[in-house]
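Taking it in order: structure first as structure tokens, then the write-up.
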Amino acid sequence: MRKILFLFLPFFLYAFEVDFSKEFTKDLIPNVLSADISVIIEDEKEKNVIERLEVFNKEIKAYNKVEKQLGTFNVRPLYQKSSNTPRIYGYSGELSYKIETDDAFSMGEFISMITNMKENRDTSVTLNNLSWRVKDDSYNVILDLVRLEAINWVENYTKVLSNDLHKECNIKTISLENNIMHTYRAQMTSMKLSSSLKKEDVPVPEVSHQKLSIITNYKLECK
């Protein structure tokens, strides 16, 4: 038994593993201005609500300076209790879109166009979540660059460690699963827009500071 321990003793004396983590960070430049906009119309007749919403919908589709994604287009009855019996006294319709553009001027122009279409008090236009973000493809490019930096760094570090210790050090594992985006931005949660809003008066937020970080876990073996 002592002989077996003696045979393995050099390995325990001269071979060891090193586990550690390191954070890598790169700045992100937000390049997409996005918002949710909704139009709500109330009218006594369901047909009128649908027709009036279609007017807005047609103009939104025709405006080609922003990207648009339809959220909702629905009409529901409004009830009023009369002698304990619900009675329909009108209809409420909602049209909502998610809007994105890389040009703040186009966003202002679009919002101004929608508010200028608002003629009646029974029509409301609401703007939600107006903020800058990073495009998905831009985010993925930066993420790949940070991952490459993490790999190149540990390769160089392993060479330096080998020279300093006069040992042969090798990379056993690299874990790149943890990635975090640190966002520092002012976001407008909700705002009801008045009619005849000029495009220069649209409250577009400033481009905010954002960072992407990955915490990389390493395991090295030196012997």
Side-chain angles (χ1 to χ4, degrees), residues 4-37 64-71 97-108 110 127-189 202-223:
I4 296 175
L5 288 175
F6 178 78
L7 291 175
F8 281 93
L9 188 59
F11 177 83
F12 289 109
L13 287 176
Y14 299 107
F16 56 88
E17 291 183 347
V18 181
D19 294 273
F20 62 97
S21 299
K22 183 175 174 60
E23 183 176 9
F24 297 85
T25 303
K26 280 194 178 297
D27 291 330
L28 294 173
I29 301 176
N31 49 11
V32 176
L33 182 61
S34 63
D36 299 316
I37 191 167
N64 58 11
K65 296 182 183 179
V66 299
E67 295 182 11
K68 306 169 290 286
Q69 181 179 351
L70 178 63
Y97 272 89
K98 184 174 185 62
I99 310 299
E100 292 188 341
T101 179
D102 57 4
D103 181 14
F105 180 84
S106 296
M107 178 66 79
F110 172 81
L127 190 65
N128 295 296
N129 304 320
L130 180 62
S131 60
W132 288 94
R133 69 172 184 84
V134 181
K135 283 184 179 178
D136 292 339
D137 54 352
S138 300
Y139 175 87
N140 290 330
V141 168
I142 297 297
L143 180 58
D144 287 341
L145 289 175
V146 179
R147 287 171 173 166
L148 181 60
E149 180 183 353
I151 294 171
N152 289 335
W153 180 88
V154 76
E155 287 180 345
N156 293 328
Y157 177 80
T158 304
K159 293 177 182 178
V160 173
L161 187 64
S162 297
N163 291 332
D164 291 345
L165 297 177
H166 303 291
K167 294 183 179 294
E168 182 182 351
C169 297
N170 297 293
I171 304 167
K172 290 193 69 176
T173 60
I174 302 175
S175 177
L176 296 164
E177 297 179 356
N178 301 319
N179 56 284
I180 306 168
M181 186 170 74
H182 303 287
T183 303
Y184 310 94
R185 64 183 180 183
Q187 178 173 292
M188 188 187 68
T189 55
V202 175
V204 176
E206 295 183 359
V207 177
S208 54
H209 183 63
Q210 299 183 24
K211 288 181 179 292
L212 172 66
S213 298
I214 63 169
I215 300 174
T216 309
N217 301 311
Y218 301 106
K219 178 178 284 188
L220 308 181
E221 182 183 70
C222 297
K223 57 185 178 180

- Message: Within the supplied structure, the quantity of interest is the number of heavy atoms (other residues, nucleotides, ligands) at a distance under 6.0 Å from L148 CG; does it exceed 12?
- Response: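 Result for CG/L148: enclosed.
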- Query: Do other residues, nucleotides or ligands put more than 12 heavy atoms under 6.0 Å from E67 CD?
  - Reply: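 Incorrect, the count does not exceed 12.
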Taking C-beta and beyond as the side chain, do [X] and [Y] meet within less than 4.5 Å on heavy atoms?
X: L143; Y: I214; answer: yes
X: V141; Y: D137; answer: no
X: L33; Y: V66; answer: no
X: T216; Y: I174; answer: yes
X: Y218; Y: W153; answer: yes
X: L220; Y: I171; answer: yes
X: M107; Y: L130; answer: yes

- K135: what forms a salt bridge (Lys or Arg N to Asp or Glu O under 4.0 Å) with it, not counting sequence neighbours?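 If we apply the salt bridge (Lys or Arg N to Asp or Glu O under 4.0 Å) test to K135, skipping adjacent residues, there are no hits.
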- Residue list, salt bridge (Lys or Arg N to Asp or Glu O under 4.0 Å) with E100, at least two apart or on another chain: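 Residues passing salt bridge (Lys or Arg N to Asp or Glu O under 4.0 Å) with E100: R133.
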Rounded to the nearest 0.5 Å, how far apart are [atom1] of [X] and [atom2] of [Y]?
X: N156; Y: L161; atom1: CG; atom2: CG; value: 12.5 Å
X: E221; Y: T173; atom1: CD; atom2: OG1; value: 11.0 Å
X: I99; Y: S106; atom1: CD1; atom2: OG; value: 11.5 Å
X: E168; Y: K223; atom1: CD; atom2: NZ; value: 6.5 Å
X: T25; Y: E149; atom1: OG1; atom2: CD; value: 8.5 Å
X: C169; Y: K159; atom1: SG; atom2: NZ; value: 13.0 Å

- Query: Is the NZ or CZ atom of K26 positioned over F24's six-membered ring, under 6.0 angstrom from the centre and within 45° of the axis?
  - Reply: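 So K26 doesn't make the cation-pi contact.
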- Query: If every non-hydrogen atom of Q210 is compared with every non-hydrogen atom of W132, which pair is closest and at what distance?
  - Reply: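 Looking at all heavy atoms of both residues, the closest pair is NE2-O, 3.7 Å.
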- Item | Taking every non-hydrogen atom, the tightest pair across T101 and D103 |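 Looking at all heavy atoms of both residues, the shortest contact is OG1-N, 3.1 Å.
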- Message: Run the side chain to side chain donor-acceptor pair (under 3.5 Å) test against S162 and tell me which residues pass, sequence neighbours left out.
- Response: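 Partners of S162 by the side chain to side chain donor-acceptor pair (under 3.5 Å) criterion come out as none, since no residue qualifies.
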- Output field: ring centroids Y157/F20 closer than 6.0 Å: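 Here the rings of F20 and Y157 have centres that are less than 6.0 Å from each other.
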